[in-house]
Amino acid sequence: MSQEIQQFRATLPINEFKSEILKQVLENTFIIITGDTGSGKSTQLPQYLLDDEEFRLNICERRKKFLEEQVEEKEQTKVQGFLSKKQKPFIPEDRKNSTDLKIVVTQPRRMAAISMAKRVAFERNQNLGIEVGYSIRFDNSTTNTTQLRYVTDGILVRECLQDKDLRGYDVVILDEAHERSLYTDVLFALVKTAARRRKGSLKVIITSATLNINIFKSYFEGCPYVKVHGKSFPVEVKYSEHNITQQKRNHDAVNAAIRMHLHEGPGDILVFLPGSEDCEVCRKFCYERLAEVLNSGVEVPSVLLYTLYGSQTSEDQSQVFQRADEHTRKIIFCTNIAETSLTIDNIGFVVDTGYVKQKVYNPRTGMDSLIIQPISKTQAIQRTGRAGRTQAGKCYRLFSKQFYESLSEHTTAEIMRVNLASVMLLLKSMGIDDVVRFEFMEQPTQEAILQSLRQLYLIQAIDEDGYITPMGYEMSRYPLEPSYAKALITSKMMECSSEMSAIVAILSTESIWQRITRVDVDGYQKLQEIQSQHADPAGDHLSLLKVFSEWKQAVFNEQFAKDTLLNLRSLKQSDNIRQQLQQLVEGTSRKKCLQFYEQDYLYKLFRKQKDSKKWNINESIKLSLCSGFYFNTARKMHNGEDTYLMVYPEGTVVDTDPQSVYTVIQQYPETVIFTELGGTSQVRGVMKLISEINIEWVKPYFSNMVKVDLFKLARIEFQQRGRDAVHERRQKKIQEQEKQKELEEKQKLEKHQIYKARFEQRKKVKM
DNA sequence: GAGCACTGC
């Protein structure tokens, strides 16, 4: 290690706590470490563990003991994870006598995983993958010798599917835990139970920003925590006297930024707004206002205006990071992306509107809505902190102190705001049957859990007792929402899996069309023209497939994408996912699946079509979609109008998405199926991604939806005995039925004998 | 009469 790097590492705030941390990790199973950005926790902490001889020997000893004690356990999971061989976790047998330490660090974002692995490899003067590496979807730099793996949280969840005890690791570090991403929340629970089973041979470290950590502490059995101070400068916070109204929000934000520009010293200005369109509107308005000020004779120092949000191209984004000259100030209008994902240097001032757009899922209606709502205190603090990274700063909050006090402490964790079907299926496929009483750090509502179980039951992923079916196992292999997985598996049976892989892949990414804001009137009109040229009356799914195929036929041509107003980034991403799914589908045995489908109505329909030689692939694609989404069937309410009535829940009225091909061609089919339900909270749901179907295809399934017994689905009584209990119950049921039958037979026989006796008697009398 | 924050397998 070079002296320079060594010196740098010694100056990091976490260095002072090195011995304290090592002591605590040695003595405890769970440890929480808090520290703000710049403390060095994510890069240094794993290195401390890796380089400490005492810790290494101690943990290797514990591991050896544990693996020797562990009785040969039957593989409880029949599932093979989707991970490629390269990504598979290390086989425990190799680990028994190994003297290497294996550490995994999870990150909520791919970029973070990559850059940290690179940084640590650099600090240790090693090539990536030898000692330190990263593993994210579609990209893996680790080998069998890699001791320190930086992975995205979703990757570790998938690894848990293969070995829920995580025997390939000695230490798990869950980084950025305060963000409470969906998979981190799932990992909290999985890692907690794994650590208990590992009896001290697995260390779990949770690292978080310096926030309220009581929730972590109580969840991890009151474990110790070490507080590391960050390296940041003070930020002065100013409040408005009044709260801003929605109409004036952009107006006030621009004025505040301009005031700062005219009266404050050096340092760039970051303005937090709820949406991307707000960013564009503000930049335009700011430009106009500055021109006005200049015209009125006031001297305006040199300034550059930028916007920053997620749906921009990376070229647009990277402009923001270019350094302006010394006398020019940058004003950046940004969304939440600058709160955690992207860090801009040199920010001296922050303007915070106090609002954010957030996706909220309503389990009762199954509707996803994007709502503008007030931020949490945590978010306000996080935004403020963006000003104090390189210099002392100021944060101007466009709301009153009272408003701040009224904000909720924390942002609602993601697990509380999403459709839980995939999480529940994941747990069930790991042998965790009683999901209703599963110990999450924060418990999702009963209703959300029940509705996700209902959905899983409707697509035959679980049986009426709530236990996972072979079909459910098959679905859990796919990195998809269960309904998409179902459609894909069905498509294999219906001989259209390569088409369906593409469709599902496209639906898993952001829109393959370019996003053009209403501000750009000409561009928007052109987009609509092109979309109508590519519209296929068969529906949105087949239209998307058509466009995607055209791009592929044009040999992934960049110019073609530009001319057709397609988003190259999501096209490429779609193709990546398509390949991954294709590989997985090929790994699904047709013979095995056949047994799931023997009694399936849609499959019988397909066979019939195939035999009558009227078969066409579009119909098979639609039948496959129906198998995963039949509960999203809707029928047209009036002639020629875009209002539909859902089959279930009864009486639910939904609208057609203005972006749908059916709106574009102004034709509305009698019966449709849709794969997404959106809208804002005030109005009724909007069907997104719609395809025309024949009502007869799905009719036989409707009775399913009405008769679901939620009580039975959620009532798994015997946690410990699990499957045996249900097996026992079934056996009992069968026995009871047989007994009943016997009894009936007996009664019949008795009756018969009585009649016979009577008859005989009568006969006698007669005689 | 209606419109798209941010991630991730």
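Within a 6.0 Å sphere centred on CZ of R119(A), heavy atoms belonging to other residues, nucleotides or ligands number more than 12.
Straight-line distance from the CD1 atom of I372(A) to the P atom of dC6(B): 13 Å, rounded to whole Å. Rounded to whole Å, the distance from CE on M416(A) to P on dT7(B) is 23 Å. Going from atom CZ of R569(A) over to atom P of dC4(B) covers 18 Å, rounded to whole Å. Protein atom CZ of R110(A) is 5 Å distant from nucleotide atom P of dC9(B), rounded to whole Å. The separation between Q583(A) atom CD and dC9(B) atom P is 16 Å, rounded to whole Å. As a whole-Å value, the separation of D278(A) CG from dA5(B) P is 8 Å. Distance CD1 (I577(A)) to C1' (dT7(B)): 13 Å, rounded to an integer number of Å. The interatomic distance linking Q107(A) (CD) with dC6(B) (C1') rounds to 16 Å, in whole Å.
Scanning for salt bridge (Lys or Arg N to Asp or Glu O under 4.0 Å) contacts around R397(A) gives an empty result, with sequence neighbours left out. Residues meeting the side chain to side chain contact (heavy atoms under 4.5 Å, CB included) test with E529(A), sequence neighbours left out: Q525(A). Annotation: side chain to side chain contact (heavy atoms under 4.5 Å, CB included) contacts of N336(A) (sequence neighbours excluded): E339(A), V356(A), Q379(A), R383(A).
Of the listed nucleotides (dA2(B), dG8(B), dT7(B)), dA2(B) has the atom at the smallest distance from the side chain of P658(A). For T152(A), the side-chain atoms get nearest to dG8(B) when compared with the rest of dT7(B), dA5(B), dG8(B). Candidate nucleotides dC9(B), dA5(B), dT7(B) were compared by shortest atom distance to the side chain of E414(A), and dT7(B) ranks first. With distances taken from any side-chain atom of S276(A) to the nucleotides dC9(B), dT7(B), dC4(B), the minimum falls on dC4(B). When distances are taken from the side chain of P479(A) to each of dC6(B), dC9(B), dA2(B), the shortest belongs to dC9(B). Nearest to the side-chain atoms of L370(A) among the listed nucleotides dG8(B), dC6(B), dC4(B) stands dC4(B).
The salt bridge (Lys or Arg N to Asp or Glu O under 4.0 Å) analysis of residues 106-117 of chain A, with sequence neighbours excluded, yields the pairs R109(A)-E179(A). Evaluation of the salt bridge (Lys or Arg N to Asp or Glu O under 4.0 Å) test over residues 504-515 of chain A, restricted to residues two or more places apart or in two chains, returns E510(A)-R569(A).
Within 4.0 Å (heavy atoms only), E179(A) reaches no atom of the nucleic acid at all. Contacts of R515(A) with the nucleic acid, taken as non-hydrogen atoms under 4.0 Å apart, include base atoms. Nucleic acid contact for T335(A): sugar-phosphate only, since backbone atoms but no base atoms lie under 4.0 Å from a heavy atom of the residue.
Closest-nucleotide positions on DNA chain B for S508(A) and K357(A) were compared, and the one nearer the 5' end corresponds to K357(A).
Within the cation-pi definition used here (under 6.0 Å to the ring centroid, within 45° of the axis), R249(A) qualifies as a partner of Y355(A).
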Inset, instruction - State the dot-bracket string of DNA chain B. Criteria: Watson-Crick or G-U wobble, both atom distances under 3.5 angstrom; notation: ( ) intrastrand, [ ] crossing earlier pairs, | interstrand, . unpaired. - result: .........

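Residues K492(A) and E586(A) are not paired through a salt bridge, judged by the lack of any N-O separation under 4.0 Å between the basic side chain and the carboxylate.
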